[in-house]
Amino acid sequence: MQVVSDENQAVDPTAWFLRWLVTALAVTMSLYHMYVAGFGPPEAVIFRGIHLMFALGLVFLLYPLSRPGLVWRVTDLLFLGLGLAGVLHILLDYQTFVNRIIYIDDLTRLDMFFSIVMIVVVLEGTRRVIGWALPLTALAFVIYSAAFTGVKFPVLMEQLYLSTEGIFGSTLGVSASYVMLFVIFGAFMEKSGTGQLFMDFALSITGGSAGGPGKVAVVSSSLFGTVSGSAVANVMVDGPITIPLMKRSGFRPPFAAAVESVASTGGQLMPPVMGAAAFVMAEFLAVPYLQVALWALIPSVLYYASVFFAVHFESRRFNLQGVPKDQLPQLGQVMRERGHLFTPILIILVGLFMGYSAPLCALIAALACLPVAMMRSLTRQGISWQTAMRALEEGARAALSVAMACACAGIVIGCVTITGLGIVFTQVVIDLAQNTLFMALLLTAIAGIVLGMGMPTTPAYIVMVALLVPAIIKLGVVTPAAHMFAFYFAILSAITPPVALAVFAAAGLAKANMWESGFAAMRAAAPAYIVPFMFVYEPSLLLILQDGTRWYEAVWSFASAFIGVVVLAASLFGWLITLATPLHRVLLFIAAISLIKPGLMSDAIGFSLIAIVVMLQMRGRKSLP
């Protein structure tokens, strides 16, 4: 039977009911997590279980099996029912879960059944949201643990299902406590019109300079990235505006796609709101999120400096002009009309510095978004109670990939913990690197990029922490630097061919060849691939002062590193003051490497070579007619 709408169009009642159910479930999920952020969570496993139940409900409703027909829809509902039953098996008999002695008390048949069920359901739910890579990785760890180690199968199931070291572990807790609130905050920011503020702000300060549209992409993507925390989402929001603008200004389509993808990817590094993996890092290291944001501050500046000057030198070399001044918004006018929309971000910053928890700061900032937007007539247009409902729904939907990835990554961590595989892998990495730190870092960087090709940043980072980070810590790297190194390369995978998701998205918008765009992205971000090595060897770049390091030494390290990434971009793009000859580019490359390597002697060599190139280029300019 079909129902006829007012427009005399047939409406499938089943489809209408499913849309209504998804909206109701997503809004309820967001409201529940906002309530918990304001009034405090229940016990950890209960909170994580409820979070997973919401996520499973939405995943199996929003991502059905692709084959049509009643049988396949029943299969979706079967997965959903089993997943909910597996969580409820713990929640409804929570006292038994709490009081049982893990690895001592035997599992009941129902415990064993639901442990297997939950592993299958989590793997299938993760596959539907983010693809095969992470579920296959987790499955490989389960098979290895069950078949090739001395761990008994019931003990493994207990570890993965009936403990806080598996599916219901700390990674799922991070998704429930931190990521969910910041994703909701991002949804409210988007609905309040903040994206237009970011674009107008970037246009007003950089749009008129050489290659202005490219620089607008860098600035606006860095601002939007602090809200979205997702490279692909950033590209899809920013790219439709910046990429056509770059192409009209003369940028080659592959380079336009490269600039947007690289700038969007860096959003996960940009405080105050970084990618989801940053919250996982705070949990792993047992530090406040503000501390992680402070560690990321200088590396994010170096990242965006390298991209900004890559655009600048490319523009100067090919004489690409900026946007005509009569087409640019005025900074003063932008701030008068839309500047108040920065208020929610300021709320987060002030709240974190005052010592309030990150979820509470995100909650207050999210609640402030729409009231702040309604303060001015220009920004209140189109805002209603439906805007809030859409933000709540989109926030829940956007959190699904992280929720399922964290649950699935919990399976990997549980297997690594119960088998001691992390210790074995650490020794393997050290042996392969022959106790050489640089080789160990290189192996870790390659592994991070490979892992990130198949899975999002968060699970890639989690797997690296379980298997690779202990090795470089054992070789003398300070713990925060080791974690930031893994985090950085898990992010860079989004712009590294052959599987570069951010480049895929940007190349589609630019109608450019994916491979050309990918290699252009690597070239534009080349200095960024070196930045992690810099802060490993010079922890002061993470604002970590050790062994009597003075504050001015940290400032000097930052200044030399900044100049180093700029000069490296100049070398790669063939322009400093004027067009660089092959000799100039070689000298600039050596200078950049010298400045990137910490030490007064290497800095002296680097600055001397830069001075030589500057003098040669100045002399060349004077000799021009």
Side-chain angles (χ1 to χ4, degrees), residues 14-15 17-26 28-30 48-87 114-143 160-161 166-168 171-172 175-176 179-180 183 230-233 236 276 393-412 451-460 462-463 494 499 501 504-505:
T14 303
F17 174 74
L18 285 176
R19 284 197 298 271
W20 178 87
L21 181 60
V22 165
T23 298
L25 189 59
T28 304
M29 180 181 184
S30 293
R48 296 167 188 175
I50 293 173
H51 176 67
L52 184 58
M53 288 174 68
F54 275 120
L56 290 174
L58 288 172
V59 164
F60 288 109
L61 291 174
L62 286 170
Y63 300 88
L65 288 169
S66 58
R67 301 181 188 181
L70 179 62
V71 172
W72 299 106
R73 174 50 75 181
V74 170
T75 304
D76 295 329
L77 296 177
L78 179 62
F79 271 114
L80 174 56
L82 288 173
L84 298 182
V87 179
F114 278 119
S115 63
I116 297 172
V117 162
M118 282 305 297
I119 291 171
V120 173
V121 168
V122 167
L123 292 177
E124 172 62 11
T126 307
R127 182 197 67 79
R128 294 191 185 198
V129 180
I130 63 173
W132 282 101
L134 180 57
L136 287 178
T137 302
L139 183 61
F141 275 89
V142 172
I143 293 172
L160 299 182
Y161 175 61
I167 293 172
F168 300 100
T171 53
L172 186 62
S175 174
V179 175
M180 187 72 200
V183 169
S230 166
V232 177
M236 297 311 295
E393 180 180 355
E394 291 178 15
R397 286 176 177 236
L400 295 180
S401 60
V402 177
M404 296 311 303
C406 286
C408 195
I411 295 175
V412 175
L451 286 169
M453 287 178 183
M455 60 184 79
T457 300
T458 302
I462 291 170
V463 173
V499 184
L501 297 180
F504 272 131

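All figures in this text were calculated on a predicted structure; none of them were measured in a lab.
A 4.5 Å side-chain heavy-atom check between Leu160 and Ser115 finds every atom pair outside the cut-off.
Note that CE of Met53 is 5.0 Å distant from CG of Leu84, once rounded to the nearest 0.5 Å. Between Phe168 atom CZ and Met118 atom CE the span is 4.5 Å, to the nearest 0.5 Å. Going from atom CE of Met29 over to atom CD1 of Ile50 covers 11.5 Å, rounded to the nearest 0.5 Å. Taking CG from Leu58 and CG from Leu21, the interatomic distance works out to 8.5 Å, rounded to the nearest 0.5 Å. For the atom pair Leu77 CG and Leu61 CG, the distance stands at 7.5 Å (nearest 0.5 Å). Glu124 contributes atom CD, which lies 12.0 Å from atom CG of Leu82 (distance to the nearest 0.5 angstrom).
Applying the side chain to side chain contact (heavy atoms under 4.5 Å, CB included) criterion to Ala138, with sequence neighbours excluded, gives Leu123, Cys408, Ile411, Val412. Partners of Phe60 under the ring-ring contact (aromatic ring centres under 6.0 Å, His included) rule, at least two apart in sequence or in another chain, are Phe79.
Within the 3.5 Å criterion, the main-chain N or O of Pro135 finds no donor-acceptor partner in the side chain of Arg127. Between the side chain of Asp76 and the backbone N or O of Leu65, at least one donor-acceptor pair lies under 3.5 Å. In this structure a side-chain-to-backbone donor-acceptor pair under 3.5 Å is present from Tyr161 to Gly86. Of the possible donor and acceptor atoms, none in the side chain of Thr171 sits under 3.5 Å from a partner among the backbone N and O of Ala409.
A pairwise comparison of heavy atoms in Leu52 and Ala407 identifies CD1-CB, 4.1 Å as the closest pair. What you find for His51 and Ser175 is that their closest heavy atoms are NE2-OG, 2.8 Å. Shown here for Ala276 and Val179, the closest heavy-atom pair between the two residues is CB-CG2, 3.7 Å. Counting all heavy atoms, side chain and backbone alike, Leu172 lies closest to Ala403 at CD1-O, 3.8 Å. Considering all non-hydrogen atoms of both residues, Ile130 and Ser401 come closest at CG2-CB, 3.8 Å. In this structure, Met404 and Thr126 approach most closely via the heavy-atom pair O-OG1, 3.2 Å.
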Between Val121 and Leu80, does the side-chain contact (heavy atoms from CB on, under 4.5 Å) criterion hold? Intermediate values first, please.
CA-CA 8 Å; Val121 168; Leu80 174 56; over 6 Å; no
